[in-house]
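All remarks here apply to the structure that follows.
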Amino acid sequence: MYSYNDFDKNFVRQRVNEFRGQVQRRIDGVLTEEEFKPLRLQNGLYMQVHSYMIRIAIPYGTLSSKQIRQLALIAEKYDKGYGHFTTRQNIQYNWIKLSDVADLLDDLAEVDMHAIQTSGNCIRNITSDHFAGAAADEIEDPRPTAELLRQWSTGHPEYAFLPRKFKIAVSGSPNDRAAIAFHDIGICVVKNNNGETGYKIYIGGGQGRTPRIGRMLSKFIPKKQLLNYLDSVMHVYNRFGRRDNIYKARIKILVDELGINETRRQIYEHYDSIKNEVRQPSTDIAKFITDEFSPPDFSNVKKHDLEKDFIGSLLFKNWAETNLTPHRDPNHVIVSISLKKPGATPGDASVKQMRVLADLAEQYAYDELCVSHEQNIILPHVPKQHVIKIYNKLNEVDLATSNIGMVSDIISCPGMDYCKLATARSIPIAKQIATRFSDLKTERDIGPLKIKISGCINACGHHHIGHIGILGLDRGGVENYQITLGGDGTEDAHIGERTGPGFSADKLIEAIEAIINVYLNNRKNRNETFLNYYRRVGLSPFKLAIYQNKLSK
Amino acid sequence: MKKILTANYLLSGKVIYLTSDKKWVENSEDAVVFNNQEDADNALAFTDTQINILQSAYLIDVLLTAKGVPKPKSNQELIRATGPTNYFHGKQTEKN
Ligand code: SF4
């Protein structure tokens with residue numbers, strides 16, 4: 001794992017000290033709120049529904065046990081005993097006091113963490129595949145690239161005042177688990193015909209009020225040219241990106257307006273003029289970063305037959321079926337830990353749970369964890385012999401829910417309960433749906449199904465890419481929920497299609513049930529997933545079922 | 001019209017409301033209700049003198065209960081005045 005060098009450490013410490021001074025000047029009345037606001041936002045501090053909220057960056061989602069233990073301590077010291085993991089692989093605390101913030105940031109700096117690039121019109125925290133470094137299908141660990149981009153983008157003067165926020169995701173595998181097609185720039189590690197590793201680049205993807213699938217910008221950019229290439233993209237965005245209207249300022253709109261060919265031409269014009277400059281990280285730095293992510297030594301782990309552990313423990317077997325993924329080393333597995341116990345708030349983890357996660361990573365999993373954009377926690381490298389011990393321990397703290405990728409594994413943004421921009425609540429909807437379908441038999445029968453809920457058009461809950469997406473709106477002061485179907489955030493990217501008019505909160509549950517029943521009663525067989533069924537038949541049968549249903553009630 | 005004035009304490013971030021004697025309280029039910037725009041605007045102007053203890057102040061629409069107690073009209077302000085609906089946290093824990 002990448003650990004901070006002295007430069008990084010000093011940078012973060014200096015930033016905390018600077019902010020401590022700014023907070024004091026605000027308290028003393030030297031700075032007005034207007035003057036202070038951009039400064040606090042640059043340090044991840046928002047004013048939210050109940051209090052200040054702080055959003056902390058977790059680059060590419062990776063955490064050590066020491067770091068998650070510190071996140072637990074922060075929840076205990078400064079918040080209400082829990083933290084909320086977000087769809088950007090970050091963590092948020094909802095009940096923060098201004099008077100505590102500088103101390104909180106100092107505590108974070110102690111474990112090489114901060115809240116920079118979690119707000120404002122800058123390049124935000126870089127996200128990646130939550131199975132990075134462990135996945136069997138990976139061409140290369142995407143995190144050295146993500147870390148390089150973190151170093152390139154942090155504090156870069158050209159990228160401190162972009163037209164709008166800018167999100168980059170990196171995947172190292174052809175199977176996209178990082179939703180790269182839904183980022184301003186999506187980067188995928190690929191090999192060309194000569195066997196060289198480089199990057200495929202997508203541009204102008206995103207969700208929000210104008211959902212767009214990223215458009216292919218380049219099929220192959222040589223590794224050493226990545227920064228020159230991205231500098232060129234940013235150059236064109238800074239030069240032409242609109243600043244007159246925040247709804248039209250994301251790069252996706254620029255690509256819409258210029259067209260992908262003209263966008264590409266502009267980018268290459270700049271790129272061709274700089275690509276021979278030595279504007280690259282030295283080979284030493286690139287090697288240093290890559291070495292930092294060298295995998296643990298897996299060779300000492302003995303072969304272990306997991307099936308044997310299933311005997312006599314049906315619950316463990318059920319959990320293993322949904323929550324384990326093959327690892328690139330045959331004696332290891334990837335363990336996904338669900339933060340979606342039906343009835344609980346998606347993405348929330350208590351102090352106690354975070355501490356157990358830290359212990360488990362430390363004792364059994366090479367001290368490494370990863371936050372997924374689906375709001376779960378991953379132990380990327382687990383020797384098979386330890387899996388049952390991990391399961392048993394998880395069980396003690398309500399973390400052994402066996403639902404990864406199933407109906408009750410719902411992504412949900414904080415919605416109106418915590419977010420000032422919300423038009424409706426999303427957490428209670430997630431809780432209700434999860435509880436309704438959570439009995440194991442129903443859930444297993446339904447099979448893989450991703451439900452994603454946002455509390456407003458900004459789509460932080462990724463509803464556009466849910467197999468079933470739910471968008472909460474306000475209709476004359478009453479919460480109303482629109483449904484989209486068929487969204488997909490993988491390499492087979494699709495934006496969900498709206499079924500039609502929305503539903504009130506209680507009718508919504510009936511509509512979701514009707515949708516699921518249409519699928520269950522009409523699928524070819526159990527191997528035809530919800531998404532495949534939808535792709536075969538389209539919206540019509542679902543529309544018929546839910547609007548008839550709505551009328552008849 | 002019926003409005004009350006709300007803000008957040010600068011230091012604690014807590015949601016607060018203005019009372020008739022120009023004090024800040026955490027319970028929206030104790031807020032002073034403005035029946036005309038002039039009074040509301042005057043109250044808002046008063047917050048300019050409070051910037052060292054407040055975060056942004058603004059007026060919100062309320063309804064009056066049968067007993068004349070103000071209740072925020074919008075869902076968002078109701079949640080702000082009561083606390084989140086997923087945990088028993090925030091103001092609901094402090095009210096009787
Ligand atoms: S989708 Fe809307 S309600 Fe949900 S977190 Fe984002 S801005 Fe807030």
Side-chain angles (χ1 to χ4, degrees), chain A residues 23 26-37 40 45-54 79-82 84 94-101 343-346 348 350 412 414-431 455-456 472 474 477-479 505, chain B residues 1-17 24-28 31 44-64 70-95:
Chain A
V23 169
R26 173 69 186 99
I27 293 171
D28 294 343
V30 180
L31 294 176
T32 64
E33 186 58 29
E34 214 182 355
E35 290 160 343
F36 179 62
K37 189 176 170 190
R40 68 169 160 78
L45 190 67
Y46 291 72
M47 173 48 75
Q48 274 294 10
V49 176
H50 312 289
S51 192
Y52 293 96
M53 177 274 275
I54 194 159
D79 204 87
K80 293 195 185 293
Y82 74 100
H84 175 73
N94 292 315
W95 300 89
I96 297 301
K97 296 188 178 76
L98 181 64
S99 41
D100 284 339
V101 173
T345 300
D348 280 10
S350 69
S412 166
M416 195 177 274
D417 283 301
Y418 298 94
C419 177
K420 271 212 156 163
L421 302 173
T423 39
R425 287 175 298 162
S426 40
I427 295 168
I429 300 296
K431 285 180 162 194
C456 82
D474 176 282
V478 180
E479 292 167 311
Chain B
M1 66 160 252
K2 301 255 177 291
K3 285 185 194 292
I4 61 175
L5 184 65
T6 184
N8 293 77
Y9 273 133
L10 176 67
L11 284 183
S12 68
K14 277 192 178 172
V15 175
I16 47 175
Y17 303 89
W24 295 99
V25 290
E26 291 177 27
N27 190 340
S28 60
L44 199 55
F46 160 74
T47 64
D48 287 346
T49 66
Q50 307 276 297
I51 58 159
N52 291 353
I53 59 163
L54 297 187
Q55 252 271 355
S56 61
Y58 57 95
L59 294 157
I60 60 171
D61 290 322
V62 290
L63 300 167
L64 296 188
K71 202 178 146 205
K73 223 172 168 179
S74 77
N75 291 328
Q76 180 76 92
E77 287 301 334
L78 263 179
I79 287 176
R80 218 169 142 258
T82 321
T85 60
N86 66 328
Y87 294 121
F88 188 63
H89 282 166
K91 295 196 178 293
Q92 57 202 328
T93 63
E94 289 149 20
K95 286 184 182 166

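Letters go in sequence order (proteins before strands), and every chain restarts at 1. Quick caveat, the model's predicted, so the values are computed rather than measured.
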Margin query: If I measure from the heavy atoms of chain B, does A:K37 come under 4.5 Å with its side chain, its backbone, both, or neither?
Written below: neither
Notebook entry, point to check: In terms of heavy-atom pairs under 4.5 Å, which option from A:K431, A:Q48, A:E34 contacts chain B the most?
Noted result: A:K431
Notebook entry, point to check: In Å and rounded to the nearest 0.5 Å, what is the NE2 to NZ distance from A:H50 to B:K91?
Noted result: 10.0 Å
Item checked: Gap between atom CG of A:D79 and atom NE2 of B:H89 - 0.5 Å precision -> 8.5 Å
Margin query: Is A:D28 close to chain B through its backbone or its side chain, or both, or neither, when contacts mean heavy atoms under 4.5 Å?
Written below: backbone
Checklist line | Portion of B:L54 that has a non-hydrogen atom of chain A nearer than 4.5 angstrom | finding: backbone
Checklist line | Donor-acceptor pair, side chain of A:Y52 and main chain of B:L10, under 3.5 angstrom | finding: yes
Notebook entry, point to check: Would you call the rings of B:Y87 and A:Y82 parallel, tilted or perpendicular, where under 30° means parallel and over 60° means perpendicular?
Noted result: tilted
Next item on the list: Answer with side chain, backbone, both or neither: which region of A:I27 has an atom nearer than 4.5 Å to a non-hydrogen atom of chain B?
Entry: both
Margin query: Surrounding NZ of A:K80 (heavy atoms of other residues, nucleotides or ligands, distance under 6.0 Å), is the total greater than 12?
Written below: yes
Margin query: With side-chain hydrogen bond (donor to acceptor under 3.5 Å, both in side chains) as the criterion, how do B:N86 and A:Y418 come out once you've worked through the C-alpha distance, each side chain's angles and the decisive distance to 0.1 Å?
Written below: CA-CA 10 Å; B:N86 66 328; A:Y418 298 94; 2.7 Å; yes
Notebook entry, point to check: Side chain, backbone, both or neither: which part of A:R26 has an atom under 4.5 Å from a heavy atom of chain B?
Noted result: both
Item checked: Among A:V478, A:I427, A:T345, residue most engaged with chain B (heavy-atom pairs, under 4.5 Å) -> A:T345
Checklist line | Which atoms of A:E479 approach chain B - backbone, side chain, both or neither, heavy atom under 4.5 Å | finding: both
Item checked: Between A:K97, A:K420, A:M416, the one whose heavy-atom pairs under 4.5 Å with chain B are most numerous -> A:M416
Item checked: Atom pair CG (B:N52) and CG (A:L31), whose distance is rounded to the nearest 0.5 Å -> 10.5 Å
Item checked: Proximity breakdown for A:M47 and chain B, heavy-atom pairs closer than 4.5 Å -> side chain
Margin query: Looking at every heavy atom in both A:S51 and B:S12, which two are closest together, and how far apart are they?
Written below: OG-O, 3.2 Å
Next item on the list: Against chain A, label B:T85 side chain, backbone, both or neither, depending on which of its atoms sit under 4.5 Å from a heavy atom there.
Entry: both
Item checked: Winner by heavy-atom pair count (cut-off under 4.5 Å) against chain A, out of B:R80, B:E77, B:Q55, B:K14 -> B:Q55
Note to self: Using side-chain contact (heavy atoms from CB on, under 4.5 Å), reason through B:I51 and A:E33 one step at a time and then give a plain yes or no.
What the structure shows: CA-CA 8 Å; B:I51 58 159; A:E33 186 58 29; over 6 Å; no
